[in-house]
Amino acid sequence: MELLPHTFYSRGAAQVARDLLGCYLVHDSPEAGRTMGRVVETEAYLSQGDPACHAARGMTRRNRVMFGPPGIAYIYFTYGMHYCFNVVTTGEGIPEAVLIRALEPLEGVDIMAARRGKTRLKELCSGPGKLVQAMGIKLEENESDLVSGPIRFYRDSASPEAKGPREIVATSRIGISSGEDLPLRFYIAGSPWISKR
């Protein structure tokens with residue numbers, strides 16, 4: 001597998017969101033070991049014309065990571081219930097990010113199941129909060145480097161899908177109250193692992 005470089009993330013969030021589909025998210029936890037899943041669903045959040053973007057009203061203590069360099073993790077607590085994992089994209093000072101919404105579990109499935117308290121594979125990573133829990137991603141890893149840190153993305157250059165899956169669905173995002181009409185949710189067509197049809 002080929003590690004995605006910083007240049008991969010130095011593009012607009014919508015393009016990165018599409019291109020992450022089919023890539024592999026890996027998390028190396030010193031406590032539990034390695035977990036890995038294939039990205040099947042993402043959402044892009046844009047710096048312009050996107051009221052649902054965390055940075056739509058400017059920089060805050062919570063969203064300041066979005067204004068940093070591309071290729072770092074943006075992790076936050078939401079709805080008083082769970083954490084979400086995002087990838088900062090575009091360029092420094094331009095707050096854009098990609099939310100990772102769902103994965104196909106591939107490696108460390110037993111670790112994921114123990115963390116989630118679930119045994120059914122489809123219940124492990126079929127949602128942003130679920131996958132963060134299953135992968136063991138911590139708030140302390142907010143702003144970590146996605147090339148040299150414990151959370152990384154890879155693509156399989158030997159695979160027919162190395163250049164991306166054949167068919168991608170673009171539709172409206174989930175669980176937001178503004179900007180819901182923008183077609184910035186992307187998923188692999190026919191995937192049984194996505195969060196919601």
Side-chain angles (χ1 to χ4, degrees), residues 4-20 23 25-32 35 37 39 41-103 115-116 125-153 172-186 195-196:
L4 297 185
H6 285 116
T7 52
F8 176 91
Y9 307 102
S10 301
R11 300 173 296 144
Q15 189 60 56
V16 174
R18 294 176 69 96
D19 290 349
L20 278 171
C23 292
L25 172 60
V26 172
H27 183 226
D28 286 315
S29 165
E31 301 86 20
T35 48
V39 180
E41 183 182 354
T42 59
E43 283 181 352
Y45 288 86
L46 310 182
S47 59
Q48 299 292 322
D50 185 358
C53 179
H54 280 186
R57 297 181 181 176
M59 187 185 296
T60 65
R61 183 177 177 183
R62 180 197 197 196
N63 72 22
R64 66 172 183 79
V65 177
M66 291 184 71
F67 292 81
I72 60 174
Y74 173 39
I75 302 163
Y76 58 85
F77 193 54
T78 186
Y79 299 122
M81 295 170 54
H82 55 257
Y83 293 94
C84 290
F85 165 62
N86 299 254
V87 174
V88 176
T89 67
T90 315
E92 194 154 4
I94 305 172
E96 296 198 346
V98 174
L99 172 67
I100 307 302
R101 278 203 59 89
L103 304 172
R115 286 172 174 157
R116 290 273 300 127
C125 298
S126 57
K130 294 177 183 179
L131 74 86
V132 166
Q133 185 181 23
M135 296 289 288
I137 295 172
K138 310 273 188 203
L139 183 60
E140 293 75 30
E141 292 167 314
N142 186 40
E143 212 168 348
S144 61
D145 192 297
L146 298 175
V147 176
S148 61
I151 308 168
R152 300 175 305 282
F153 287 91
S172 55
R173 294 171 296 189
I174 297 172
I176 57 175
S177 56
S178 55
E180 64 270 18
D181 56 322
L182 297 174
L184 294 173
R185 175 186 172 220
F186 306 98
S195 62
K196 192 174 183 180

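All values derive from a computational prediction rather than experimental measurement. Note: hydrogens, waters and symmetry copies are ignored here, and every other heavy atom, side chains too, is used.
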- Message: Could you check whether Arg11 makes a cation-pi contact with Phe8, meaning its NZ or CZ is under 6.0 Å from the centre of the six-membered ring and within 45° of the ring axis?
- Response: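 Yes, Arg11 sits over the ring of Phe8.
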Atom of [X], atom of [Y] and distance for their closest heavy-atom approach:
X: Ala14; Y: Leu184; value: CB-CD2, 4.2 Å
X: Asn63; Y: His54; value: ND2-O, 2.9 Å
X: Ala97; Y: Asn86; value: CB-CB, 4.2 Å
X: Arg116; Y: Ala134; value: CG-CB, 3.7 Å
X: Gly49; Y: Leu182; value: O-CD1, 3.7 Å
X: Leu20; Y: Val39; value: O-CB, 3.4 Å

Just verifying a value: how many Å separate [X] [atom1] and [Y] [atom2], rounded to the nearest 0.5 Å?
X: Leu103; Y: Cys23; atom1: CG; atom2: SG; answer: 11.5 Å
X: Phe67; Y: Thr60; atom1: CZ; atom2: OG1; answer: 7.5 Å
X: Ile75; Y: Ser144; atom1: CD1; atom2: OG; answer: 5.5 Å
X: Arg64; Y: Asn142; atom1: CZ; atom2: CG; answer: 7.0 Å
X: Gln133; Y: Lys130; atom1: CD; atom2: NZ; answer: 10.0 Å
X: Thr89; Y: Leu46; atom1: OG1; atom2: CG; answer: 8.5 Å

Side-chain heavy-atom pair [X], [Y] within 4.5 angstrom cut-off:
X: His27; Y: Ser29; value: yes
X: Phe85; Y: Leu25; value: yes
X: Leu99; Y: Cys84; value: yes
X: Ile72; Y: Val65; value: yes
X: Leu139; Y: Tyr83; value: yes
X: Leu4; Y: Leu146; value: no

- Message: Would you say Arg101 and Thr42 are linked by a side-chain donor-acceptor pair, where the criterion is simply a distance under 3.5 Å?
- Response: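 No, no side-chain donor-acceptor contact under 3.5 Å.
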Tell me whether [X] contacts the main-chain N or O of [Y] through its side chain, where contact means a donor paired with an acceptor under 3.5 Å.
X: Asp28; Y: Pro150; value: no
X: Glu96; Y: Ala13; value: yes
X: Arg115; Y: Met135; value: yes
X: Glu92; Y: Pro70; value: no
X: Glu41; Y: Ser195; value: yes
X: Asp145; Y: Ser148; value: yes
X: Glu141; Y: Lys138; value: yes

- Item | Test salt bridge (Lys or Arg N to Asp or Glu O under 4.0 Å) applied to Arg62 - qualifying residues, sequence neighbours left out |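 Arg62: no salt bridge (Lys or Arg N to Asp or Glu O under 4.0 Å) contacts found.
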- Taking the six-membered ring for Trp, is the centroid-to-centroid distance between Tyr74 and Tyr76 below 6.0 Å?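 Judged by ring-centre distance (under 6.0 Å), Tyr74 and Tyr76 do meet the cut-off.
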- Does Asp50 pair with Arg173 as a salt bridge, N-O distance under 4.0 Å?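 Arg173 and Asp50: salt-bridged.
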